[in-house]
Amino acid sequence: MKKESIKTLLLSALVVCSMVLTSQIWFNEKLWSSDYDFFSVFKDKFSFIFKGSDSDSLSIGDTGAFDSIFAPNTILLSSNTGRAVYDSSGGKGEEINLIINDIIKSALSSSVSQVEENEWKNAIKGTNVYADYHVPVSLTAIGTFLEAQITEKGSFESFDKILIDCEKLSNTIVPVYFRDSASNTHYRINTPFDKTALTELFASSSNALNLSYSFELGLDKKAEGEASKHQSVLLDSYILLSLDETPMNIIKEEPINVLDQTEHILKTFGYNIKTVRKFTQTNGTENFVDSKSTLVISPKGYIEYTAVSDTSGLQIGEDGHITTAAAGVASLIDRILSPFYLSSGTKLFISSPLVETGGNSHTLTFGYMFDAIKIISDSDDCVVTVTNGKITHLKLNIKNYFEAEQKAPTNVLDIIDKAYTKNSGTTLDIEDLSTGYVKYGSIYEKVWLVTTKSSSPIIIE
Amino acid sequence: MKKLVVLLLSAILCFSSMVSFAAPAVLNPSAQSTANNLIVITNPPSISSTTQKGIVFCGYGESGVNVTFYKYNPLTGLYYPMTSGGENISLGIVYQSGLFWKKIDFTAGNHKVIVYAEKDGRVQIVKREINVLSPGIADNLFDYTLNFRPAYK
């Protein structure tokens, strides 16, 4: 009898163990085979059952990551003492960006009026908060991100610039202007908003700079008759001119050993580090392969992820909206970069429009900035394709920049003069005047980029 | 003797040409232009009111023109060179591209300014009148127009 009891106990234990191990194999993806895998196919076919259970799914509620890509590249606080410039990624700029988002959220539920450009220009001249996103942003995308109800907006679909008129902060209504540069259309929404935050903003703003738009100085108007004799340069109305000297510098790229963080990168992409197959090329580039995708990691900081099909990509969201895609991609990039000590001035910014195209596939592109100034590159530093909420392709160059040396400051008038001379002394119709970093050998030099209507961009060092 | 005379004459000619190129120490309100196409001032307009103390004088002109600024003194009825830090405010020579700008700070009040442009003996005088309002006055003006309540809600 005793022997029988022991046998029964042992058998029961064995059965329980086998059941536990079987359940692990069935439901723990990390134990699934890296080649053809019935369970992967089963899960993909019945994905509606497994909704919300995918441990690789990135949280699209991570608005901190989305804030880093959906944020204005330029913020200006204008008052009668001058204009203060902020970078939205740090300190006061971040605080202003939060206020702007609150105001946009409030404005989306109010009615809109289309206005003439003169009204926009008059508002720019006064006391205001101005933000330039540099890429078109659709109302749908921003509404989804801010979880705001959008009332009927008629023809108003997207914008790239916003201006909050703070001329009369004693009133209860704040006029908010939106500009769509591509179509040169302007809209105004009068929205109720608590002015306390705005009032405190101006009270604590930093030293104002001598900045003027070219239309404020009348340098955008084409002269006629005798007066046109000496007008050799015409500036676009919205070029912001600095009347002070602009500091210039040189930056360098710091090499990053990406392979030190291979395990972290693999886990971020959802690979089972114990079962993924690895191949190393002669140049040190590592290739990782499983049943769903391949991952290339180069020692020089290049990462490329490719899914074998649109259905086997890395899940980042549940729908095909561009906001979902952008937020998910932002979270992923944040995670990839988290163990690398990038300098505070190095930032990735989105360079593709945040506008719904109507399809379920989106391609997002990113570039690098240093201290809010673009680093000019022949190709995008990051390209991500998202289809139906899954990343199917990602290319990312991980870079880190640091300031190497200061150069003599420049004067904008000098720059325009040099551009005029380089243009063989013929009339210059300047569309844009900005600074950027251009690579020369092993350094990146801050230069002026003069964009004209008639010729290719002129670079002035 | 002949050499001395020639030397003296050359010196006189040199100095007289320098005198004719230098901006005058004082300008009479009735001073007239001898040329009207040396510069075009795009900002500020002829008469303007603003709450901003810093006014940007800008425009475009013939390359090589020398531009200086004069301000009216109501006590003497004359225009004197504007100064900053003990030196005359001047934007110097207009660049090859023809563009120029100079920011000048003013105190609150009414100011009459002459922009004096000169090249090769040709002179152009451009007058500007700027009224710098103190912020309190500007606010009161706006409040006066906005404090009427509608008769209906």
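Throughout, a chain's letter reflects where its sequence line sits, starting with A, and its residues are numbered from 1.
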A.B. asks: Taking every heavy-atom pair that is under 4.5 Å apart, which of B:Val40, B:Leu38, B:Asn37 has the most such pairs with chain A?
C.D. replies: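 Answer, by heavy-atom pair count under 4.5 Å with chain A: B:Asn37.
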A.B. asks: Can you tell which part of A:Leu428 gets under 4.5 Å to a heavy atom of chain B, answering side chain, backbone, both or neither?
C.D. replies: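 Neither part; nothing is under 4.5 Å.
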A.B. asks: Does atom NZ of B:Lys53 have more than 12 heavy-atom neighbours from other groups under 6.0 Å away?
C.D. replies: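 Not buried by this count: 12 neighbours or fewer within 6.0 Å.
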A.B. asks: What part of B:Ile41 is in contact with chain A, defined as an atom under 4.5 angstrom from a non-hydrogen atom: side chain, backbone, both or neither?
C.D. replies: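 Neither part; nothing is under 4.5 Å.
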A.B. asks: Looking at chain B, which one of A:Leu219, A:Thr427, A:Leu235 has the largest number of heavy-atom pairs inside 4.5 Å, strictly under?
C.D. replies: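 So the answer, after comparing A:Leu219, A:Thr427, A:Leu235, is A:Leu219.
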A.B. asks: Side chain, backbone, both or neither: which part of A:Ala223 has a heavy atom under 4.5 Å from chain B?
C.D. replies: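 Backbone plus side chain of A:Ala223, per the 4.5 Å heavy-atom cut-off to chain B.
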A.B. asks: Can you name the one residue among A:Val233, A:Thr421, A:Asp414 that meets side-chain contact (heavy atoms from CB on, under 4.5 Å) with B:Tyr95?
C.D. replies: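 With B:Tyr95 as partner, side-chain contact (heavy atoms from CB on, under 4.5 Å) holds for just one option, A:Asp414.
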A.B. asks: In this structure, are over 12 heavy atoms from other groups packed under 6.0 Å from A:Lys161 atom NZ?
C.D. replies: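 More than 12 within 6.0 Å, yes.
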A.B. asks: About how many Å separate CG of A:Asn210 and NZ of B:Lys103, when rounded to the nearest 0.5 Å?
C.D. replies: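 Here the rounded value is 3.5 Å.
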A.B. asks: Does B:Asn43 use its side chain to pair, donor to acceptor, with the backbone of A:Gly218 at less than 3.5 Å?
C.D. replies: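 Checked: no pair found.
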A.B. asks: Looking only at atom types and distance, does a side-chain atom of A:His230 sit under 3.5 Å from a main-chain N or O of B:Ile39, one as donor and one as acceptor?
C.D. replies: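 The answer is no, because no donor-acceptor pair under 3.5 Å joins these two groups.
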A.B. asks: Identify which part of A:Glu226 has an atom lying under 4.5 Å from any heavy atom of chain B, answering side chain, backbone, both or neither.
C.D. replies: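 Contact with chain B: side chain only.
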A.B. asks: To check you understand the geometry: which heavy-atom pair defines the closest contact between A:Ile416 and B:Leu99, and what is its length?
C.D. replies: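 Result for this residue pair: CD1-CD1, 3.8 Å.
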A.B. asks: Between B:Ser97, B:Cys58, B:Gly59, which shows the greatest number of heavy-atom pairs under 4.5 Å with chain A?
C.D. replies: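 The residue among B:Ser97, B:Cys58, B:Gly59 with the greatest pair count is B:Ser97.
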A.B. asks: Can you name the closest pair of heavy atoms from B:Trp101 and A:Ser242 and give their distance?
C.D. replies: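 What the structure gives for the nearest pair is CZ2-O, 4.2 Å.
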